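Quantities reported herein were computed from a predicted structural model and do not represent experimental measurements. Just so you know, ligand 1 is whichever comes first in the structure, and atom 1 is the first atom listed for that ligand.
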Amino acid sequence: MTGESGQRTAVAVLGLGEMGSALANAFAGGGHPTTVWNRTPGKANSAVGNGAREAATAREAVAASELVVVSVQSNAVAHDILESAAEVIAGRTVLNLTDGTSSEARAVADRVTENNAEYLHGQIMTIAPGVGQPESMLFYGGSEPAYQRYHSALTLLGGRGRYVSGDVGVPALYGMAVHDTMWGILNGFLHATALLSDAGIEAKQFLADAGPAVANLTAFLPFLGEEIDSGEYATPFGALKHHLPSLEDLVRECESRGIDAEFPRYTRSLVADAVEGGHAGDSYSRLVEHFGKG
Ligand SMILES: NC(=O)c1ccc[n+]([C@@H]2O[C@H](COP(=O)([O-])OP(=O)(O)OC[C@H]3O[C@@H](n4cnc5c(N)ncnc54)[C@H](OP(=O)(O)O)[C@@H]3O)[C@@H](O)[C@H]2O)c1
């Protein structure tokens, strides 16, 4: 954002680890007056090279800035740093980009708003070198007016920023949901390639031959999502009972060839329990109830 004076928003970046340094470089490189602070001195060279100024204390950095960005090891650390600047934080906006649980984010937010500052929590969905790239995604939650006010400054962090909720815990939940989905897909792929590799087939050969079948899998997610949201698990796409024989084959194939079978056995037990529970004709989405959706 640019104020009436034409000056860009003054930004403080607290924490100059791998991520904090990338954030400081993005703001300073984007023309924002940027003041940086790190517990251990000597980490500001890159930001200072981009035009940032180093403060001796977090309090000094906060006092010099309108938007206070925090990126440190944990939300407990973020809380303590912001407490050390509590006397000067009123009227400013804190953007906490520190990873943690949703309740940890809410705890920091409560303390900041008690001190009469606005609060945004952000979840960065890229590694440090991805900061500022057009395709990099960030989720934001908390004060929507603050998000709108600083929107152009936040665009410097990644081209695909998205405000998702007034609840400051939701960005962390979105991040976890993306990672949860990712790990499920990655584990499935790595297990599958171990099975193929044991038979002398390289992953790249498999992808060249079967890539479209694998890539199409995510096309089913919107259908599953609709069923989950509505609690209607009837399906035109293949009932749970049809998964069981394929899972049995996979488990037997792994066991007979000494490939780790724990992962397919776990999936088989989920499906078998649902089938035995009277849901043989339902969609795979029915398994969401096993994971906790009542
Ligand atoms: N690096 C990435 O690619 C990446 C990607 C996505 C998200 N993130 C998230 O970004 C946040 C920062 O990660 P990072 O990679 O920058 O971590 P990092 O390189 O390990 O840096 C940690 C930062 O926390 C500070 N810190 C730790 N304990 C402190 C304390 N007790 N008091 C004050 N400062 C303390 C460190 O200060 P000192 O220098 O004094 O130790 C340093 O500035 C984390 O939540 C991380 O999950 C990082």
Side-chain angles (χ1 to χ4, degrees), residues 11-29 34-50 52-63 65 67-86 88-89 94-109 111-112 119-142 154-162 164 168-183 186:
V11 180
V13 177
L14 309 179
L16 294 173
E18 201 181 339
M19 180 54 80
S21 295
L23 300 171
N25 285 334
F27 287 120
T34 304
T35 309
V36 297
W37 171 82
N38 193 64
R39 174 184 62 171
T40 309
K43 293 199 176 173
N45 290 352
S46 154
V48 168
N50 271 308
R53 184 178 74 80
E54 185 173 13
T57 62
R59 190 180 191 281
E60 181 193 329
V62 170
S65 310
L67 177 62
V68 178
V69 177
V70 191
S71 173
V72 285
Q73 190 186 42
S74 69
N75 279 308
V77 169
H79 172 277
D80 290 351
I81 291 170
L82 291 167
E83 274 304 285
S84 75
V88 292
I89 213 163
V94 171
L95 167 60
N96 185 5
L97 292 166
T98 302
D99 288 353
T101 66
S102 57
S103 57
E104 288 165 0
R106 290 188 196 106
V108 181
R111 194 62 196 117
V112 166
Y119 187 87
L120 279 169
H121 204 97
Q123 181 69 44
I124 302 173
M125 301 305 294
T126 182
I127 55 172
V131 168
Q133 299 300 315
E135 69 280 7
S136 293
M137 185 152 214
L138 296 93
F139 300 123
Y140 296 99
L154 300 184
T155 304
L156 292 168
L157 305 184
R160 295 168 72 198
R162 197 171 169 90
V164 293
V168 299
V170 171
L173 292 176
Y174 268 45
M176 287 177 200
V178 171
H179 291 147
D180 204 359
T181 306
M182 174 187 79
W183 285 314
L186 294 183

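- Closest heavy-atom approach to atom 9 (C) of ligand 1 among the candidates Val131, Leu138, Val72, Asp99: Asp99.
- Of all protein heavy atoms, the one lying nearest to atom 30 (C) of ligand 1 is Arg39 NH1, 3.3 Å.
- Taking every non-hydrogen atom of Met19 and a distance limit under 4.0 Å, the qualifying atoms of ligand 1 come out as 2 (C), 4 (C), 5 (C), 6 (C), 10 (O), 14 (P), 15 (O), 16 (O), 48 (C).
- Taking the side chain as every heavy atom from C-beta outward, Val108 and Tyr119 approach each other to under 4.5 Å.
- Annotation: side chain of Leu23 is in contact with side chain of Leu157 (closest heavy-atom distance under 4.5 Å).
- Residue Ile81 places no N or O, backbone or side chain, under 3.5 Å from any N or O of ligand 1.
- Inside a 4.0 Å radius of atom 14 (P) of ligand 1 there is at least one protein heavy atom.
- Among all heavy-atom pairs drawn from Ala85 and Val62, the shortest one is CB-CG2, 3.8 Å.
- The shortest N or O to N or O distance between Lys43 and ligand 1 is below 3.5 Å.
- Residue contact check: Thr98 has heavy atoms under 4.0 Å from atoms 45 (O) of ligand 1.
- Proximity to Leu16 (heavy-atom distance under 4.0 Å) selects the following atoms of ligand 1: 43 (O).
- Counting heavy atoms closer than 4.0 Å to ligand 1, residue Thr126 contributes backbone atoms (N, CA, C, O) but none from C-beta onward.
- Checking only distances, Ile127 never comes within under 3.5 Å of ligand 1, N or O to N or O.
- Below 4.0 Å from some heavy atom of Ser71 lie the following atoms of ligand 1, by number and element: 10 (O), 11 (C), 12 (C).
- Atom 28 (N) of ligand 1 has Gln73 OE1, 3.5 Å as its closest protein atom, hydrogens excluded (heavy atom only).
- By the 4.5 Å heavy-atom criterion applied to side chains, Met19 and Leu97 are not counted as neighbours.
- Scanning the protein for heavy atoms near atom 43 (O) of ligand 1, the closest one is Asn38 OD1, 2.7 Å.
- With a 4.0 Å cut-off on non-hydrogen atoms, Thr40 touches ligand 1 through its backbone as well as its side chain.
- Relative to atom 3 (O) of ligand 1, the option among Gly15, Ala128, Pro129 with the closest non-hydrogen atom is Ala128.
- Of all the heavy atoms of Val77, the ones lying under 4.0 Å from any atom of ligand 1 belong exclusively to the side chain.
- In terms of N/O distances under 3.5 Å, ligand 1 is not approached by Ile124.
- For ligand 1, the polar-atom distance check against Trp37 finds no nitrogen or oxygen pair separated by under 3.5 Å.
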